[in-house]
Amino acid sequence: MKNSPRRNFLKKTTSLMAVASGIPILGKAQDLSKEAPDYVSSNIEIPDNPLVLFDNFHTGNRRSYSIKARFESAKKAGFDGFEFVSIDPDSDLWKEAMELKEVSDFKVFGLHWTTNTVVDKNANQIDSAIEGIVKAVEACANNRIDYMSLSLSGTDELGGPTIQESGSAKAEERHWERAFKIIAAFDAACKSFGVTGSLYPHTHWLCDTPESQVKILEGANANSIGPAFCSHHWYANKAAAGLEEVLDYSIMKKLNYVVLTNGKFSGTNFPAVRFNEGEIDMAWVYANIIKFGYKGPISSQGWAIGGDPFQSSKLFVDTMRDLKKRFRDQPDLWPLI
C-alpha cells in the first residue's frame, strides 16, 4: 500500500466504482432514468444518505442532557437517525432510551461500543469484554438497532509523540493478536444476530488508520462486518494513505458506516470542531464518498466542541444538505471534475 498525497485535488477521470454495500433498510438506489439534477458528471448518483446524530454532542463540558432532550434536539435539527454511545443494555438509561426509541420518528438507529482490552493493563479482561460485545450485538438485534460500530480504545504503551507515531505505529504482535480475537468474536456475533457491524478507527488507538483496519479485519478473518470511514481520524494521521487510495482498498467493498466530522490541529492533537470551522475540505471528502457509491448512514461527532449542541449538530445537517443541493444544481462546482 504505497502512500499518496493526503488530499489529491488533481482532476481525475476515473469511473464510478462499484456500489458499496449499505444497510438493508435504506432502500434501493435511485433509478438512473431520473432527471439530471440528481446526478453530476459521468452519471454519478447523489444518494440520500440518512444523516445520523452520533450521541456525543450533548455530553461533557460540565453539562448533561436527558435522552428525551437529545432525541428532540436531533429531530428538530433534521437528523434521520440516532446513534447511542456505550449505553449498557442492562442500565436504566438503556431501558429509557429503548422506550423513547419505539415512539420516535427516526428511520435509522445505531450503537457505538468500545473495548480497552487490547492494551496490556486490561488484557486480562478480554474474555469478559468479548461477552459484553456479544451482549451488545444481541441487544441491537432485539431492539431493532440497525448497526453497531466498535472501536479498540486505549493508549498507554501505544502512545507516541505525534498522532502518526502512536497507536498502530507502536503496536506489537500481542496487540494485534488481541484485536484479532475481539474482532473475530464481534464478526461472528453480528453474523449470528443479523446486525450490521463495523470496525471503527480512532487516533492514538490500535485501530487508527485504514491500513490498520485492513490488518485487523484480515487477521480476524472477518467476513460479515466491514470498516467504518471517519474523516477526522483519517485526516489527522499523516501515515494514512490518500483518500482515493483508501477507498480502493478491497475491505472498502464492505464499507457500511461513514463519519464526516471536521477538526483542526492543536499541537499534537486534532480535536473536533464545528463542521464549517475545521481544516478538512468536507465538500471534497463528501464528493469522494458519493463517487465511491456509498449509500449507508453518515454521522458526525461533537465531542468537546462546546457551546449549544443543537446549533453545532444542526450545522452539520444544514451543510450536508447545502452540499448535496450544490452538487445537484451546479454540476460545474462538483469538486472532482
Side-chain angles (χ1 to χ4, degrees), residues 49-88 91-114 145-149 151 153 200-204 228-236 257-266 269-280 282-283 285-286 296-324:
N49 305 88
L51 302 181
V52 179
L53 178 73
F54 188 101
D55 187 28
N56 62 3
F57 279 90
H58 297 82
T59 58
N61 301 306
R62 301 186 68 175
R63 55 162 164 70
S64 62
Y65 283 74
S66 68
I67 287 288
K68 182 178 180 180
R70 298 178 208 176
F71 269 35
E72 288 300 317
S73 178
K75 180 180 178 181
K76 295 297 195 304
F79 284 90
D80 304 300
F82 193 94
E83 182 172 345
F84 305 103
V85 180
S86 299
I87 301 179
D88 186 343
S91 67
D92 290 338
L93 185 59
W94 176 271
K95 181 179 179 181
E96 178 187 359
M98 294 306 103
E99 290 173 351
L100 288 170
K101 170 188 173 296
E102 290 305 309
V103 296
S104 76
D105 296 327
F106 293 122
K107 301 174 183 176
V108 182
F109 284 94
L111 172 67
H112 181 78
W113 200 259
T114 187
I145 293 175
D146 307 292
Y147 67 88
M148 175 173 161
S149 61
S151 60
S153 65
Y200 186 97
H202 192 292
T203 55
H204 300 287
F229 172 75
C230 307
S231 60
H232 55 311
H233 294 304
W234 161 76
Y235 183 95
Y257 179 53
V258 167
V259 179
L260 296 184
T261 300
N262 218 325
K264 184 183 294 185
F265 278 107
S266 176
N269 293 315
F270 192 74
V273 297
R274 288 195 176 194
F275 202 65
N276 64 341
E277 295 177 355
E279 58 187 82
I280 304 175
M282 301 309 300
V285 172
Y286 180 36
I298 297 178
S299 76
S300 191
Q301 295 195 18
W303 177 252
I305 287 179
D308 180 355
F310 173 76
Q311 292 295 338
S312 296
S313 60
K314 186 175 186 297
L315 179 62
F316 163 72
V317 174
D318 292 345
T319 304
M320 290 293 290
R321 288 176 173 172
D322 288 346
L323 286 173
K324 187 186 301 182

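This chain uses plain numbering: 1 for the first residue, then up along the sequence. Values below: every heavy atom of this structure, side chains too, minus hydrogens, waters and symmetry copies.
With rounding to the nearest 0.5 angstrom, the CG atom of Leu100 is 10.5 Å from the CZ atom of Phe106.
In the model, Ser231 has no side-chain atom that pairs as donor or acceptor with a side-chain atom of Tyr286 under 3.5 Å.
At least one side-chain heavy atom of Val317 sits less than 4.5 Å from a side-chain heavy atom of Arg321. Taking the side chain as every heavy atom from C-beta outward, Asp55 and Tyr65 never approach each other to under 4.5 Å.
Screening Thr203, Val259, Thr261 against His233 for a side chain to side chain contact (heavy atoms under 4.5 Å, CB included) leaves a single residue, Thr203.
Of the possible donor and acceptor atoms, one in the side chain of Asn56 sits under 3.5 Å from a partner among the backbone N and O of Gly302. Looking at Asn262, its side chain never comes within 3.5 Å of a backbone N or O of Asn276 through a donor-acceptor pair.
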With a 3.5 Å cut-off and sequence neighbours excluded, list the donor-acceptor pairs that the side chains of residues 74-81 form with protein atoms.
| residue | atom | partner | partner atom | Å |
| --- | --- | --- | --- | --- |
| Lys75 | NZ | Asp105 | OD2 | 3.2 |
| Lys76 | NZ | Glu72 | OE1 | 3.1 |
| Asp80 | OD2 | Leu51 | N | 2.9 |

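In the displayed structure, Trp94 atom CH2 is contacted under 6.0 Å by more than 12 heavy atoms of other residues, nucleotides or ligands.
Contact record, Val285 with Leu260: CG1-CD2, 3.8 Å, taken as the closest heavy-atom pair. In terms of heavy-atom proximity, Glu83 sits nearest to Val52 at N-CG1, 3.7 Å.
Every residue was checked against the ring-ring contact (aromatic ring centres under 6.0 Å, His included) condition with Phe310, not counting sequence neighbours, and none meets it.
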**Study point:** CA sep, side-chain torsions, deciding dist, call: His202, Cys230, side-chain contact (heavy atoms from CB on, under 4.5 Å)
**Key:** CA-CA 8 Å; His202 192 292; Cys230 307; over 6 Å; no

